[in-house]
Amino acid sequence: MADTKREIERKYESDDSGLPDLTGVAGVTDIVDKGTAELDATYYDTSDLRLASASITLRRRTGGSDAGWHLKLPVAPGIRDEIQVPLSDSVPDELAGLARARVREGQLVPVVRLRSTRDVRDLVGADGRRLAEVGVDTVRAERLFGGKGTAEWTEIEVELADGEDQRVLDKVDKRLRKAGVRPAKSASKLARALAETKGGHPRPQDEPAEPVTAGDHVLAYVRAQRDAIVDLDPAVRQDAEESVHDMRVATRRLRSTFKSFRKVLDRKITDPIGDELKWLAAELGVGRDHEVLAERLGTVLDDLAPTLVHGPIRDRLGTWSKAEHKGARRRLLGVLDSPRYLTLLDTLDAVVADPPVLEAAGRKPAKVLAKAVRKDFKKVAALVEDAMEQPPGTDRDLGLHEARKKAKRTRYAAEAAHPALGGPAKKLTKSMKSLQNVLGDHQDSVMVRTTLGELSAVAHAAGDNTFTYGLLYGREEWRAAKVEESLPRKWGKIQGSMKV
């Protein structure tokens, strides 16, 4: 069973003089010597160091209070999420899965062994609460794969105790710097070991140049969405809050970009990728759509007076929600482990590395990007106006749903163009998001009514009182009607502000 903790720490280079005197650091009333620990860690990676290049570490460590397998995922500078599982001889499947979006079909092999002697001290506050742990590590590194050689150094590591204010680290940092201790140049022991042993270390990814052409701006947006999908993969596997939604949005943004900027990127290459992104978004949506429905049904049910809630509707909703969620999770994890998904990630990498640009990609961005955004907006306008002309019912519902999807596409196109087009693109992005949200409320009402009908049929067959299902159905019809009533005025305001 894995445990996850948020690790917040800072590393410093040290010489043989060891730890400077930290007595008197503001808020620290005592420094408790915790003794010395002998740590032995073997780090695993692919032969081309894909994990290290993404600042991810996977190790098997013995010694100390947390012996076991540790996977560390970057969150922000100096902040990582550490997933721990008990010791075993081989890489645990759970951790291998969390690293799969990076490793793909590669093999994890031992690359570095680090043996450290750690002198540990706790920094304690006035109330006896542990504020931080300070370790002085004497490290001996040995290269195991992709080269050979050894390295030795001493470093100071200050890790914030769980739940404490990061200002504790700032105060310790001030004292250490005053004593002449320097922040470490390497973000981790592994990074330093790879740099100082023969065989090389991960090649740092070049910072993209400042966008100049239309192609530069589109590719910057494509790269950001590719990165988001890969970065979110472990969070989706862990069922982290909003992770499925965020990954689904990234896939939609990427697919929309390929569609909107067909004059910039060759559609013979991007259309098949778009089909695969559509597949992935649909798989992510199986669970996400259910979450939205369950949340909305729970909210509307809570809004009812107790006297209007007849029969075991809450129990039926809870059973339905749990069953749907469990099935969706099992299916989604299978998708993330599938060759089809991993091939899609490889294909996205290839597009970023060698983009299929067309002639328009080399032109100035203002004209090329603005033309693409205007084209998308015209499609939204036609769909909204056509839907509003339909009588209330299925045809209008379908028309508004299509308009919502095109509003998303226009929003994403405006987002990509914003760095080049400035204020007008930003304003359009905001308008399309607003329209998307309104039409989203309408579509949620349509889906909730469908679900209520299905649940009501089950309840009726079981002999339950179905009064409340009908009441909720009627309220959802009223909500949808209010959206439809307000839409012409809202749409008129959006059209009046269109200046891209």
Side-chain angles (χ1 to χ4, degrees), residues 2 42-60 69-74 81 83 85 88-112 143-147 190-191 194 199-205 222-239 243-244 247-248 250-251 254-255 258 269-284 329-356:
T42 299
Y43 287 77
Y44 286 70
D45 206 333
T46 59
S47 59
D48 53 356
L49 303 176
R50 297 177 198 174
L51 297 184
S53 66
S55 300
I56 296 171
T57 60
L58 172 63
R59 73 186 179 199
R60 181 187 189 276
W69 285 90
H70 305 153
L71 178 69
K72 296 190 178 187
L73 303 170
D81 279 340
I83 300 98
V85 300
S88 61
D89 292 335
S90 58
V91 178
D93 290 341
E94 185 171 359
L95 299 189
L98 292 176
R100 187 156 290 126
R102 300 286 179 180
V103 175
R104 314 227 178 129
E105 298 298 336
Q107 298 296 312
L108 289 167
V109 296
V111 293
V112 166
R143 190 68 170 256
L144 302 177
F145 187 90
L190 175 63
L194 291 171
H201 51 93
R203 180 181 175 182
Q205 295 180 352
V222 167
R223 188 181 301 109
Q225 306 318 313
R226 184 279 311 266
D227 292 347
I229 293 171
V230 175
D231 290 344
L232 284 163
D233 181 283
V236 171
R237 292 175 187 271
Q238 292 177 292
D239 203 15
S243 60
V244 172
M247 182 186 275
R248 190 184 188 191
T251 63
L254 194 46
R255 181 168 177 255
F258 289 155
I269 303 298
T270 60
D271 277 1
I273 302 173
D275 291 340
E276 292 301 281
L277 289 167
K278 182 179 181 180
W279 160 75
L280 178 58
E283 294 292 349
L284 291 164
R329 281 290 302 161
R330 186 165 51 246
R331 173 170 174 161
L332 180 54
L333 290 175
V335 166
L336 297 183
D337 286 333
S338 69
R340 183 175 181 179
Y341 169 69
L342 299 178
T343 298
L344 172 58
L345 297 185
D346 286 339
T347 304
L348 294 177
D349 287 349
V351 166
V352 170
D354 185 19

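Because the structure is a prediction, the values reported are computed rather than measured.
Counting only heavy atoms from C-beta outward, the side chains of L277 and F258 approach each other to under 4.5 Å. Contact annotation: the side chain of W279 approaches that of R340 to within less than 4.5 Å [non-hydrogen atoms, C-beta and beyond]. At least one side-chain heavy atom of I83 sits under 4.5 Å from a side-chain heavy atom of Q238. By the 4.5 Å heavy-atom criterion applied to side chains, L51 and T46 are not counted as neighbours.
The side-chain hydrogen bond (donor to acceptor under 3.5 Å, both in side chains) check on D227 picks up nothing, with sequence neighbours excluded. D239 meets the side-chain hydrogen bond (donor to acceptor under 3.5 Å, both in side chains) test with H325; sequence neighbours excluded. Judged as a side-chain hydrogen bond (donor to acceptor under 3.5 Å, both in side chains), and not counting sequence neighbours, the contacts of D231 are R102.
Between L98 and P234, the shortest heavy-atom contact is O-CG, 3.4 Å. Considering all non-hydrogen atoms of both residues, T270 and P356 come closest at CG2-CG, 4.4 Å. S243 approaches A235 most closely through the heavy-atom pair OG-O, 3.3 Å. Residues M247 and I229 share a closest heavy-atom pair of CE-O, 3.3 Å. Residues P74 and A54 come closest through the heavy atom pair CG-O, 3.6 Å. Minimum interatomic distance between L58 and W69 (heavy atoms only, all atoms of both residues): CD1-CE3, 4.2 Å.
Atoms CZ and CG, from R226 and L254 in turn, are 9.5 Å apart once rounded to the nearest 0.5 Å. Between L333 atom CG and R329 atom CZ the span is 4.5 Å, to the nearest 0.5 Å. The distance from the CD atom of E276 to the OG1 atom of T347 is 8.0 Å, given to the nearest 0.5 Å. Annotation: the span from D233 atom CG to R237 atom CZ amounts to 4.0 Å, rounded to 0.5 Å. Atom OH of residue Y44 and atom CD of residue Q107 lie 13.0 Å apart, to the nearest 0.5 angstrom. Rounding to the nearest 0.5 Å places CZ of R59 at 10.0 Å from CG of L190.
Checking side-chain atoms of R143 against main-chain N and O of F145 turns up a donor-acceptor pair under 3.5 Å. Side chain of R60 to main chain of T42: no donor-acceptor pair is present (N/O by atom type, distance under 3.5 Å, no hydrogens or angles). In this structure, the side chain of D45 engages the main chain of R50 through a donor-acceptor pair within 3.5 Å.
Heavy atoms of other residues, nucleotides or ligands lying less than 6.0 angstrom from CZ of R331 number 12 at most. Within a 6.0 Å radius of CG in D275, more than 12 heavy atoms belonging to other residues, nucleotides or ligands are found.
Salt-bridge annotation for D337 and R100: present, with a side-chain N of the basic residue lying under 4.0 Å from a carboxylate O of the acidic one.
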